[in-house]
2 protein chains.
Amino acid sequence: MASPVPERSADDLTARARIRDAALRLFAERGIAAATIRDIAAAAGVSSGLVRHHFGSKEALRDACDTYAMEWLDRFREQMFLEGRMADQAFVGSTHPMASLLQNYLVRSMLDGSATASDMFQRMVRVAEEWLSRLNVDSPDPRAWAAALVGTQAGLFLMPDQMSEALGVDVRSPAGQARMFGGLVDLFTYPLLTSEQAAQLHTMLDRFPSPPPTSGASGAARSEEFTDDDRGDSY
Amino acid sequence: MASPVPERSADDLTARARIRDAALRLFAERGIAAATIRDIAAAAGVSSGLVRHHFGSKEALRDACDTYAMEWLDRFREQMFLEGRMADQAFVGSTHPMASLLQNYLVRSMLDGSATASDMFQRMVRVAEEWLSRLNVDSPDPRAWAAALVGTQAGLFLMPDQMSEALGVDVRSPAGQARMFGGLVDLFTYPLLTSEQAAQLHTMLDRFPSPPPTSGASGAARSEEFTDDDRGDSY
DNA sequence: AGCGCGACTACACAGGCGTGCAGTAGACTG
DNA sequence: CAGTCTACTGCACGCCTGTGTAGTCGCGCT
């Protein structure tokens, strides 16, 4: 559980740090509500009262986890991409477990309604949108494109059990993760729709945008696009 | 909340049906654990005792919802695609709200560990894999490709709040849903990686598949791929 | 009319939850 | 060496949960 992005600070081996680490892990594994303070305390090897002593409340503990995860990942990305340590195998190897855990945690926290995690989601959408603008992709709605990109990937972290079952490998293991990301590479390499099909679908989607569902023709036609698209993509 | 896929059966307007519908909605909105029997009973306009009378336990109620959702969607797909009612706007318009709700419910139930919902996930992966095999996509790992396709899309249903914030539109509304699916169309139309990049990534991913993480070079290099891929796709 | 049975309600129960709080041990300060 | 502060524990409280159960209502059958 090393976290040497900014070199683990001195007071970070304390019970407080152990509680935070245990909370991050249990929150990520079970969800916020299902992970109890008593379980977290037990996992950290302390009493439940100490959790309250250090963090005040469960909500405050969760906020502390949110902030910690976000700041850690921000520093991580900074070192990774700005300081060019992407090829530094020792750096990447030692930070990866924590990076993976924190990403999982943030997606879970997002699901249970964390403002901090949602902020990070929005930031990632903006980054994706900027990144997209540097490619020569002529999407009619880059923002929706970026949101779909971020949203779909975040969701993937939420169902490791199902992905593991589908692949016959624990996607939490290095081998499983490699396989899963291999699938992701394919997904973003081979287009499923031709430009003509896409344009056609966009035309149909644009046809019924504004009015609320009057359960009439407009709603029906919109729905048709929903299901049609859905079929083509995943059924 | 019409559900005319097999024409709503006669005994389906009963309190039992109202309880099931309320459970589906609250389970989908809040998650299984967070939706209490008392809330479901109140939403259905009955006493909490009646929920137990009809379904026995919360777990049994959830199983009933799982089965109902899966069978409903199976019939829905059958009519939709085999019986060619895809262009029937009345059919599609009237069934879409329920289809959307049940998909959301199943993904939520899957997240909370439902075997039925997980089975449906695996079936969707197999269907996607067959569908992929009819395209001329030369993926080195079609199963991983299909799993990534299904997993990413399922995840999208889990974060409507974040997607709505990113798009400035409630994705539960027709307009918002159209916009979100428009982004999905783009995502599956314009490749983010060239075939060369993909082949390169696959080579790197294949290099470190089998051994458990010894925190040595293998793990480090694998992690590099993780984060590198991640960066390219979503950061 | 009387009877039975399923739909339905009201209420009580045990368990687990987050929280509050009094109290102890140890280290540091004057 | 007394004082103080912080880390830390143990326990009890109130709340909410799923569950159990006794009892009422109303309809259909004989």
Side-chain angles (χ1 to χ4, degrees), chain A residues 8-68 105 108-109 111-116, chain B residues 8-68 105 108-109 111-116:
Chain A
R8 186 151 219 153
S9 47
D11 64 327
D12 223 17
L13 306 159
T14 61
R16 183 187 163 93
R18 289 207 315 277
I19 292 171
R20 195 225 307 113
D21 288 348
L24 284 166
R25 188 171 57 85
L26 290 182
F27 282 156
E29 281 177 8
R30 310 181 189 175
I32 310 294
T36 71
I37 288 190
R38 285 169 175 83
D39 286 344
I40 292 169
V46 299
S47 71
S48 66
L50 192 62
V51 177
R52 177 165 175 73
H53 172 70
H54 278 302
F55 294 95
S57 71
K58 189 181 184 180
E59 191 58 29
L61 169 60
R62 178 241 186 85
D63 286 343
C65 288
D66 282 342
T67 305
Y68 179 82
Y105 165 77
R108 264 288 190 178
S109 184
L111 202 69
D112 282 76
S114 150
T116 305
Chain B
R8 186 148 217 152
S9 47
D11 64 328
D12 223 16
L13 306 159
T14 60
R16 184 188 163 91
R18 288 206 315 278
I19 292 170
R20 196 226 306 113
D21 288 349
L24 284 166
R25 187 170 58 84
L26 290 183
F27 281 156
E29 281 177 9
R30 309 181 190 175
I32 310 294
T36 71
I37 289 190
R38 284 170 175 81
D39 287 343
I40 293 169
V46 301
S47 71
S48 68
L50 191 61
V51 177
R52 177 166 174 74
H53 172 70
H54 278 302
F55 293 95
S57 71
K58 188 182 184 179
E59 192 57 31
L61 170 59
R62 179 240 187 87
D63 286 343
C65 287
D66 281 342
T67 306
Y68 179 82
Y105 166 76
R108 265 288 191 177
S109 184
L111 202 68
D112 282 77
S114 151
T116 305

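In what follows, chains carry the letters A, B, and so on, assigned in the order in which the sequence lines appear, proteins first and then strands, with residues in each chain numbered from 1.
Taking 4.5 Å as the limit, some side-chain heavy atom of A:Tyr68 sits within range of a side-chain heavy atom of A:Leu24. Residues B:Asp63 and B:Phe55 fail the side-chain proximity criterion, which asks for heavy atoms closer than 4.5 Å. Considering only heavy atoms from C-beta on, A:Thr14 stays 4.5 Å or farther from A:His54 through its side chain.
With D:dG18, C:dC8, C:dT19 as the choices, the nucleotide that has an atom nearest any side-chain atom of A:Ser57 turns out to be C:dT19. Counting only heavy atoms from C-beta on, B:His53 has its side chain closest to C:dC8 among C:dC8, D:dC8, C:dT19. Set against D:dT17, C:dT9, C:dG18, the side chain of A:Thr36 has C:dG18 as its closest nucleotide.
Distance alone, capped at 3.5 Å, is enough to place a donor-acceptor pair between the B:Arg18 side chain and the B:Ala44 backbone.
Take the nearest nucleotide of DNA chain C for A:Ala34 and for A:Gly56: the residue whose nucleotide is more 5' is A:Ala34. Residues A:Ala33 and A:Gly49 both approach DNA chain C. Their nearest nucleotides, taken by heavy-atom distance, put A:Ala33 toward the 5′ side. The nearest heavy atom of DNA chain D to A:Gly45 and to B:Ser48 marks one nucleotide each, and the one closer to the 5' end goes with A:Gly45.
If you measure from atom CD1 of A:Ile19 to atom P of D:dT6, you get 17 Å, rounded to the nearest angstrom. Atom pair B:Glu59:CD and D:dT17:P shows a separation of 17 Å (rounding to whole Å applied). Atom CD1 in A:Ile37 sits about 18 Å away from atom P in D:dC15, given to the nearest Å. Protein atom CZ of B:Arg62 is 15 Å distant from nucleotide atom C1' of D:dG18, rounded to whole Å. Atom CZ in B:Arg18 sits roughly 13 Å away from atom P in C:dA7 (whole-Å rounding). Protein atom NZ of B:Lys58 is 8 Å distant from nucleotide atom P of D:dT19, rounded to whole Å. As rounded to whole Å, 8 Å separates atom P of C:dG18 from atom CD1 of A:Ile40.
Both the sub-6.0 Å distance and the 45° axial angle are not jointly satisfied by B:Arg62 relative to the ring of B:Tyr105.
Counting non-hydrogen atoms under 4.0 angstrom, A:Leu50 reaches a base of the nucleic acid.
With hydrogens and angles ignored, a donor-acceptor pair under 3.5 angstrom links the side chain of B:Arg38 to the base of D:dG18.
Look at A:His54 and you won't find any side-chain N or O under 4.0 angstrom from OP1 or OP2 of D:dT6.
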